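Keep in mind it's a predicted model, so treat the numbers as computed, not measured.
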Amino acid sequence: MVQILCVAEKPSIAKAVANHLAGQVTTTSARGIAWIKNYEFNFNFNAWGHSSVCFTSVAGHVYEKDFESRFRDWQGCSPQALFDAPIVTTVANNDKKAIVRNIEEKARSASILYIWTDCDREGEHIGTEIREIAMKTNRRIQVVRARFSNIERAHIINAAHHPFALDERQAAAVQARMELDLRLGAAFTRLQTLNLKPIIKHLLTEEKSVISYGSCQFPALGFVVDRYFRVKNFIPEPFWGLRLSHTKDDIKVKFNWSRNHLFDRMVTTILFERCLTARTATVTSVQTKATSKWKPLPLTTVELQKMGSKYLRMDSHRVMTIAEQLYTKGWISYPRTETDQFDPAMDLRTLVTRQTQDPNWGLFAQNLINGGFNQPRSGRNNDKAHPPIHPVNYVVGTSLTEEERRVYEFVVRRFLACCSEDAKGSQTTIHLLFGSEIFSATGLIVLARNYLVVYPYDRWESSQVLPPFIHGETLVPTELRMEEGQTTPPGFLTEPELISLMDANGIGTDATMAEHIAKIKKRNYVMTQPRGRNGGGGRGGTGNADAPAREGQGGTGVQEFIPTTLGVALIEGYDKLEFEKSLSKPFLRKEFELQMRAICEGRSTKNDVVHQELEQYQEVFVKTSQQMGVLKAVRLFPFTTFRSCIRNSAMDSCVSDHLIEYRYRTREC
Amino acid sequence: MPPPPPPPIPSPELLSTLQTALRTAHLPPTTTWLKTFLTSTRPSTPLPALIKTATFRLLTSDITQTLSAPSSHLFPKDLHGSAAAPASRILKGPITVMVLDIQDVGKSQWSQIEDLEAQARGESKKGHEMIRVPVELATTSTSTNPNPNPNPSSTSTAAVTTTGAGAATASSGPFKLHLTDAACTQTYAFTLSPVQGISAAMPIGTKMLIQNVEVPRGVLMLEERNCKVLGGKVEEMEKAWRAGRLGRLKAAVGVGEGDRGGGG
């Protein structure tokens, strides 16, 4: 019988996969490390026939990279030496040593090494580490890897029968990233700490803390600081608008001004007067058309993180941890994916069927099976590794923790929504020409809620019913008002916004963004608070064109970020250096991320990328050290929060016309 | 020794032909300007080229110095109200006017300040999120007239425009303009509906022709049908305006220079 050694990335996966493959399992602990188990059983692989299998695991990366010991001492070398100091690879600790020994032993008698690490870049790299260990004791061992994206039984068995080769390019990209992160992180952290610590000691929580640098964390912090200053520097301005309402058939219809509002009182007043002079308005169009609210796209990691902070009362890091657990237990598919399109060949109906037993959404799922099923929409992204996040198996909510239940429910509802139909409605738009001005009113009637039934995270409600208007009809509007308002500052950056910014600017990958955000919090560069406590929370009809749309409708628990004095000082310092590619800006990191992609696609090599990137950053490093004075000179103003609540005086003044009373007044806040 | 060539004396016919042509183009120059102009051109220049050059120079001049229009082609003296002036009237024109200032009243001044400062840092926005772009991409939107050729060939006389309609300035307005006529009477105008050629990138000193325009409370209501952008600009005015724009916006909202991010 062929002997096959299977190695997963973590013990939970080894256990789950072994149980799917095996009829009968013998479980033993690896020598010297009780929590790593070896599962032994027989399995009939398509490729090798009846085989004797030993399924074990590592626990993440086995090896650790660090500088040679003489470079580890802060006083022993200049930080700049770290750009080319020799790097040594070690096995981190005794646990990892035991893991290595276990694989070495098991590999000796095996003829095939079957790698079951997660299918992403990190997983590919861990796969190469496992290969290295196994080949130490068995140079002729044949190495293959399984490709899988969830821990569902049929999927796993199918993966077992179809081995692939390790993707060397992805592994090389990880190597490049690790080396760069180590060198850049260490060099800049030491430079900053050595120079700045004496000045900002009082801001550090612990005596021994360092002012750490990370090439993703700094741009992320940069976004937070940038928004903070937009809020802080914001100056409210008045604006004026016209509001028309007309009562017909006892229904008061509110019309919006096509110009919305203008930042000039004189002009608005003139337009207002011209309307009054015109006296009658003409209905220039009445249009009723079918409209729909599109069902959501299949779920990606970034989207899951954003929705998590919006609706599930968890930050992105927490959502990912929970999703990770659900994946390991086999309830949902791999939660790290950029793909927002389902492969047409995928059997989605079966997945829907599994949800029919749920007391809450079971009926909805059943209706999909009974003919309501629609193929999900396809987004534009496909990482060619994993499908969108979807439920794999059904689990009763009560057997999950509260947080797991919330995330699982979201994943399921999202999936069912994807398989459902767009919500349908009918929208009527009426345009009025009054003087030279155009006013419009819309009425929406939701005809079929469809996906909305199962997806409460979206809202789409019928509006008031419009009375009938006829094209060409003239009318004397009941009321026209000129109103004054004031612009309000944007809110502090929320986590969903930060994720969008990082995503759009190539800071980190979908898999690492949440970690970077968690890190800048941990390092005391930013703090969080629930949205709306301070600053520009409410935003009704503001002049802020770029105010985030429809953010947290009160108490959904969206967190917003505020930089600490330390965070502000660091970013201000780097901004003041005025490099073309500042560390506080995303440009450098974006290039870095693109280079990683280039390695994965075979357009570049690890050595070229490392060399090129080090050169770029070294240039910044040299300039930074030369201008340390600028960095040190940054003022450390005390942290403050803002209460820029805007109030308008409710001043009424009346202008009356002979027939109708028009009110011309400022709006109450 | 041959006598020096006599200074060219423009024939009266040439003078009057030119004058007629320029009047038809709604750019009637003062006699002084015309004479100075003719002394700076070669007598052998064919008439069509002469007209084009004159038109171009007038478009790039300050019309309060160079044009001499009959009162029917000027703003009425009581434009800004007198006891007798109506609250709203129609100006028949045609009146040649020059732009002294343009303001986007559809955007808050603060957001315009933010845009200008971001532009200066080489950053821009794409979509609704803030996205940073390398400096090379952003600078194109601040460059000015690429064609300062004083002797334009063919028909490009009216086409002195800037390329300045960059991403940040592609606002649809509406705009409030500060205008002057040839006799230094100044007034505001508002783009009631979009007018081709009027944008935030429009150079200061642009000449426009207005006709049959409605003027409530002394403010011209500009529309495509009553306003034609003739083009041109006045280099010094334009430069001074661009240079002072951020400062003016800041003064308007009440921030001094020297605050964080000030000056770019």
Side-chain angles (χ1 to χ4, degrees), chain A residues 219 222-223 226-227 229-230 232-240 259-271 273-274 277 435-438 486-487 489-490 493 497 500-501 503-506 542-549 572 575-576 578 580-582 585-587 590-591 635 637, chain B residues 87-88 103-115 117-118 120-123 125-137 171-177 188-193 214-223 249-256 259-262 264:
Chain A
F223 291 131
D226 199 88
R227 177 64 70 84
F229 278 111
R230 279 192 61 204
K232 188 188 164 231
N233 292 342
F234 186 85
I235 294 178
E237 279 169 69
F239 57 76
W240 295 267
R259 299 187 199 275
N260 200 9
H261 52 243
L262 294 178
F263 289 88
D264 192 288
R265 185 181 186 133
M266 173 191 77
V267 167
T268 316
T269 310
I270 289 172
L271 298 174
E273 286 176 348
R274 282 162 61 86
T277 312
S436 56
E437 300 307 292
I438 297 162
Q486 229 171 353
T487 57
L493 204 63
E497 289 176 297
S500 300
L501 280 171
D503 193 30
N505 289 285
T542 72
N544 261 310
D546 39 40
E572 276 224 302
D575 278 353
K576 286 230 160 69
E578 288 184 345
E580 192 189 330
K581 290 176 177 169
S582 170
K585 310 266 155 122
F587 314 134
K590 185 172 207 161
E591 265 180 47
R635 70 209 143 105
F637 47 83
Chain B
S88 182
Q103 287 168 35
D104 187 339
V105 294
K107 285 174 84 179
S108 71
Q109 289 170 324
W110 183 251
S111 70
Q112 297 179 45
I113 292 171
E114 286 188 325
D115 287 349
E117 288 183 343
R121 288 194 304 269
E123 296 166 11
K125 282 178 197 166
K126 194 169 134 197
H128 62 102
E129 296 294 358
M130 177 184 70
I131 299 206
R132 320 224 169 182
V133 295
V135 179
E136 306 85 79
L137 281 172
S171 163
S172 58
F175 300 97
K176 184 167 95 170
L177 296 94
Y188 286 116
F190 173 72
T191 54
L192 197 59
S193 55
E214 207 184 329
V215 191
R217 295 198 184 273
V219 178
L220 279 59
M221 299 284 120
L222 304 182
E223 290 175 82
L249 285 167
K250 285 188 163 181
V253 297
V255 229
D259 284 350
R260 182 185 191 268

Chain A contact via B:Glu214 - which portion, at a heavy-atom distance below 4.5 Å:
side chain
Minimum heavy-atom distance [X]-[Y], with the two atoms named:
X: B:Ser108; Y: A:Thr487; answer: CB-CG2, 4.3 Å
X: B:Met221; Y: A:Arg274; answer: CG-NH1, 3.9 Å
X: B:Val253; Y: A:Ile235; answer: O-CG2, 3.5 Å
X: B:Leu192; Y: A:Ser436; answer: CD1-OG, 3.5 Å

Does any non-hydrogen side-chain atom of A:Arg259 lie less than 4.5 Å from one of B:Pro174?
yes
Taking the side chain as every heavy atom from C-beta outward, state whether A:Leu271 and B:Phe190 have any atom pair closer than 4.5 Å.
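Yes, side chains in contact.
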Option among A:Ile270, A:Thr269, A:Val267 that satisfies the side-chain contact (heavy atoms from CB on, under 4.5 Å) test with B:Arg217
A:Ile270
Pairwise distance CZ(A:Phe234) to CD(B:Glu114) - rounded to 0.5 angstrom:
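Between atom CZ of A:Phe234 and atom CD of B:Glu114 there are 7.5 Å.
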Salt bridge (charged side-chain N to carboxylate O under 4.0 Å, His left out) filter on A:Asp503, not counting sequence neighbours, yields none
Contacts of B:Tyr188 that satisfy ring-ring contact (aromatic ring centres under 6.0 Å, His included) - sequence neighbours left out:
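Listed in chain order: B:His178.
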Apply side chain to side chain contact (heavy atoms under 4.5 Å, CB included) to A:Phe263 and B:Asp104, showing your working.
CA-CA 8 Å; A:Phe263 289 88; B:Asp104 187 339; over 6 Å; no
